[in-house]
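Written out below as structure tokens is the structure these notes cover.
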Amino acid sequence: QVQLVESGGGSVQAGGSLRLSCAASGHAFSMYGMGWYRQAPGKEREFVARIAWNGGRTDYSDSVKGRFTISRDNAKNTVSLQMMNLKPEDTAVYYCAQSLSTFGRVEITTPFGVASWGQGTQVTVSS
């Protein structure tokens, strides 16, 4: 089973930037769609961004579109989330996620399409 390990979280002021990374163990990383979710205190886990298995498609939630960029490096088994112009409402624990199926057959835009989660990394944005 794949293991996902996030890094790069921290505390920044509003308007600042952070880059999250997720390292995946195991084989076949390049066959799976990957995504990022976040969960703020007292709220449900929500979809943030996803990238197709071959990097050919990306999607974002409306709340982060234009500010966040997801990317992947299949040679290094990593997926990243570049976050710009951070807002206090971006404060949450961010989770890396791997799709339930290969080659985009299952959407990762809902938790039902996620097979594996990372342990999460905290992002705190102060005003």
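All heavy atoms count here, side chains included; hydrogens, waters and symmetry mates do not.
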Inset, instruction - Tell me yes or no: between the side chains of Ser80 and Gln82, is some donor less than 3.5 Å from an acceptor? - result: no
Inset, instruction - Ignoring hydrogens and angles, tell me if any N or O in the side chain of Thr91 forms a donor-acceptor pair with the backbone of Val125 under 3.5 Å. - result: yes
Inset, instruction - Locate the shortest heavy-atom distance separating Glu6 from Gly118; write the atom from each residue and the value. - result: OE2-CA, 3.2 Å
Legend entry - Gap between atom CG of Asn77 and atom OG of Ser30 - 0.5 Å precision: 7.5 Å
Legend entry - Connected via hydrophobic side-chain network under 4.5 Å: Val64 and Val114: no
Inset, instruction - State plainly whether the residues Lys65 and Asp62 are in salt-bridge range, i.e. N to O under 4.0 Å. - result: yes
Legend entry - Spatial distance of atom CE (Met83) from atom CG (Leu18) [nearest 0.5 Å]: 4.5 Å
Inset, instruction - Indicate yes or no for a side-chain donor-acceptor contact from Ser7 to the backbone of Leu20 under 3.5 Å, with no hydrogens or angles considered. - result: no
Inset, instruction - Could you tell me whether the side chain of Phe112 reaches within less than 4.5 Å of the side chain of Glu107, counting heavy atoms only? - result: no
Legend entry - Test item: Ser25 side-chain N/O and Gln3 main-chain N/O as donor-acceptor pair under 3.5 Å: yes
Inset, instruction - Treat each ILVMFWY residue as a node, draw an edge where side-chain heavy atoms are under 4.5 Å apart, and state whether Ile51 and Leu100 are in one component. - result: no
Inset, instruction - Indicate whether the side chain of Arg38 and that of Tyr94 have a donor and an acceptor atom separated by less than 3.5 Å. - result: yes
Inset, instruction - Output the distance between atom CZ (Phe103) and atom CG (Asn54), rounded to the nearest 0.5 Å. - result: 9.5 Å
Legend entry - Heavy-atom side-chain proximity of Trp117 to Cys96 below 4.5 angstrom: no
Inset, instruction - Output yes when a side-chain donor or acceptor of Asn74 lies under 3.5 Å from a complementary backbone atom of Trp53, and no otherwise. - result: yes
Inset, instruction - Using atom types as modelled and distance alone, determine if a side-chain donor or acceptor of Thr121 lies under 3.5 Å from a backbone N or O of Gly9. - result: yes
Legend entry - Shortest non-hydrogen contact between Ser71 and Arg19, atoms and distance: OG-NH2, 3.8 Å
Inset, instruction - To the nearest 0.5 Å, tell me how far Arg50 CZ sits from Gln98 CD. - result: 14.5 Å
Inset, instruction - Take atom CE of Met31 as the centre, draw a 6.0 Å sphere, and report whether it contains more than 12 heavy atoms from other residues, nucleotides or ligands. - result: yes
Legend entry - More than 12 heavy atoms of other groups within 6.0 Å of Gln119 CD: yes
Inset, instruction - Go through the side-chain N and O atoms of Ser63 and Ser61 and say whether any donor and acceptor fall under 3.5 Å apart. - result: yes
Inset, instruction - Could you grab the distance from atom CG of Asp73 to atom OG1 of Thr78, nearest 0.5 Å is fine? - result: 4.5 Å
Inset, instruction - Output yes when a side-chain donor or acceptor of Arg67 lies under 3.5 Å from a complementary backbone atom of Asn85, and no otherwise. - result: yes
Legend entry - Exercise: identify the closest heavy-atom pair between Tyr60 and Ala49: CD2-CB, 3.6 Å
Inset, instruction - Kindly give the heavy-atom pair with the smallest separation between Met34 and Ile108, and that separation in Å. - result: C-CD1, 3.8 Å
Inset, instruction - Begin from the C-alpha positions of Leu4 and Tyr95 and carry the test side chain to side chain contact (heavy atoms under 4.5 Å, CB included) through to its verdict. - result: CA-CA 9 Å; Leu4 304 174; Tyr95 297 91; over 6 Å; no
Inset, instruction - Taking the six-membered ring for Trp and the single ring otherwise, decide whether the centroids of Tyr37 and Phe47 are under 6.0 Å apart. - result: yes
Inset, instruction - Heavy atoms only: give me the nearest Pro88-Ser127 pair and the separation to one decimal. - result: CG-CB, 3.9 Å
Inset, instruction - Check the pair Tyr32 / Ser101 against side chain to side chain contact (heavy atoms under 4.5 Å, CB included), numbers first and verdict last. - result: CA-CA 7 Å; Tyr32 290 87; Ser101 183; 5.8 Å; no
Legend entry - Val79-Phe68 co-clustered via ILVMFWY side chain contacts under 4.5 Å: yes
